[in-house]
Protein chains: 2
Amino acid sequence: MNIGEAAAASGVSAKMIRYYESILLLPAAGRRDSGYRDYGEEDVHRLSFVRRARDLGFSIEQIRSLLALWTDTGRSNADVRAIARTHLREMEEQARKLAAMIGTLKTLIGSCETGKRSACPIIEELGDHRPAPAAPVKPRRRAA
Amino acid sequence: MNIGEAAAASGVSAKMIRYYESILLLPAAGRRDSGYRDYGEEDVHRLSFVRRARDLGFSIEQIRSLLALWTDTGRSNADVRAIARTHLREMEEQARKLAAMIGTLKTLIGSCETGKRSACPIIEELGDHRPAPAAPVKPRRRAA
DNA sequence: GTAATCCTTCCCATCATTGGAAGGTCAAGC
DNA sequence: GCTTGACCTTCCAATGATGGGAAGGATTAC
């Protein structure tokens, strides 16, 4: 099958398939006389694997490792788990930060709701930390 | 003060300050005879505003709107809330997806933990949806 | 006066993905 | 046959936000 069909079958766009091939995430596809790339069951299978991994938020480099483990029949589950755990920690950290941002925003929106005109804390909070020397300013040799 | 000091005072890197100016997020800074950019209290204030908004995950375009509202003394709290709420919804959606991914990954890691060699579900799940004709592959003439 | 540190502009890289242009190929209808 | 249009090819560029670095001028501490 050609790249368009492989794309439809795997859920990875043709653009992305070519890109993945170019960065050597995927082996170079076979070619027909016309120059068209030719894909088989196995290829679609691998593409689907990549698609699922991307959906789970794995980076290309992580997927590269996972693919190697997948292909390598001698891989150990421990190796796979290690990659997954690392990624899990990253995602949990990301979730933590996101939750904090959401909390702050909710608070601000809530206060703004009840506040009167021109006292919206979203604006005030963002802008009015004036006394802020804020950052560890290395004095530079005087100036200002 | 020059750009380095403004950067330290606001928490926005000099690189970013120049970038923000180039995309017209910030007004062009005044220049000294030397060509150096010159910043004052007001500028640092605005930079801090941007910094805080970025920390809350607002996009540059959203910050552009917020800055306009901030500058505009006639702005209404409702406008500000609208932007904040939109952003909040986006973040909550993002958090939802992230939580789902984390849940899936945790399950996979957990199963892998107890599973025996070469039966790691992380690999199996990702790859073994083999019976997959997977997608409705109509003979030809289809888009991805 | 000199050396160190700042500043300036400009270009490049990232990460994953999409868009488009220019041109070749395939499968169908007439 | 020939046309049509969907498909494929490669290459180049852009996105968003940021960082890295080069080349050269300005400022400042000593």
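Per chain, numbering begins at 1; letters A, B, ... match sequence-line order. As the structure is a computational prediction, the values presented were derived from the model and not from experiment.
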Side-chain N or O of B:Asn2 versus OP1/OP2 of C:dC6: is the shortest distance under 4.0 Å?
no

Nearest-Å distance for atom pair CD/C1', residues B:Glu61 and D:dT15:
12 Å

Atom CE of A:Met1 and atom C1' of D:dC7 are separated, to the nearest Å, by 16 Å

Charged N to carboxylate O under 4.0 angstrom, B:Lys106 versus A:Glu92?
yes

Would you please confirm or rule out a distance under 4.0 Å between OP1 or OP2 of D:dG19 and any side-chain N or O of B:Ser13?
yes

Report yes if a side-chain nitrogen or oxygen of B:Arg37 is closer than 4.0 Å to either non-bridging phosphate oxygen (OP1 or OP2) of C:dC7; otherwise report no.
no

Nearest whole Å is fine: how far is D:dT9 P from A:Asp38 CG?
10 Å

Of the non-hydrogen atoms in A:His87 and A:Leu56, which two are nearest, and what is the gap between them?
NE2-O, 3.0 Å

Could one point to a donor on the side chain of A:Tyr36 or the base of D:dC7 with an acceptor on the other under 3.5 Å away?
yes

Below the 4.0 Å mark, does D:dT18 have OP1 or OP2 next to a side-chain nitrogen or oxygen of B:Arg54?
yes

A:Ser34 side-chain N/O to C:dC26 phosphate OP1/OP2 under 4.0 Å
yes

Name the residue closer to the 5' end of DNA chain D, choosing between A:Lys15 and B:Met16 according to the nucleotide with the nearest heavy atom.
A:Lys15

Ion pair B:Arg46/B:Asp43, N-O distance below 4.0 Å:
yes

D:dA17, OP1 or OP2 - any side-chain N/O from B:Arg51 closer than 4.0 Å?
no

Please report the shortest heavy-atom distance between A:Gln62 and A:Gly57, naming the atom on each side.
OE1-O, 4.4 Å

Taking only side-chain nitrogens and oxygens of B:Arg18, does any of them come within less than 4.0 Å of OP1 or OP2 of C:dT8?
yes

Value in whole Å for how far the C1' atom of C:dT8 lies from CD of B:Glu21
12 Å

Measure from CG on A:Asp33 to C1' on D:dT9 and round the result to the nearest Å.
15 Å

Spacing of B:Ile60 atom CD1 relative to D:dT15 atom C1', expressed in whole Å
13 Å

For D:dG19 and B:Tyr19 - does any side-chain N or O of the residue sit under 4.0 Å from the phosphate oxygens OP1/OP2?
no

May I ask you to say whether A:Arg18 pairs ionically with A:Glu21, meaning some side-chain N is under 4.0 Å from a carboxylate O?
no

Write down the distance between CD1 (A:Ile23) and C1' (C:dC15), rounded to a whole number of angstrom.
10 Å

Return no unless some side-chain N or O of A:Arg64 is found under 4.0 Å from OP1 or OP2 of C:dC15.
no

Rounding to an integer number of Å, can you tell me how far A:Arg31 CZ sits from C:dC26 P?
13 Å

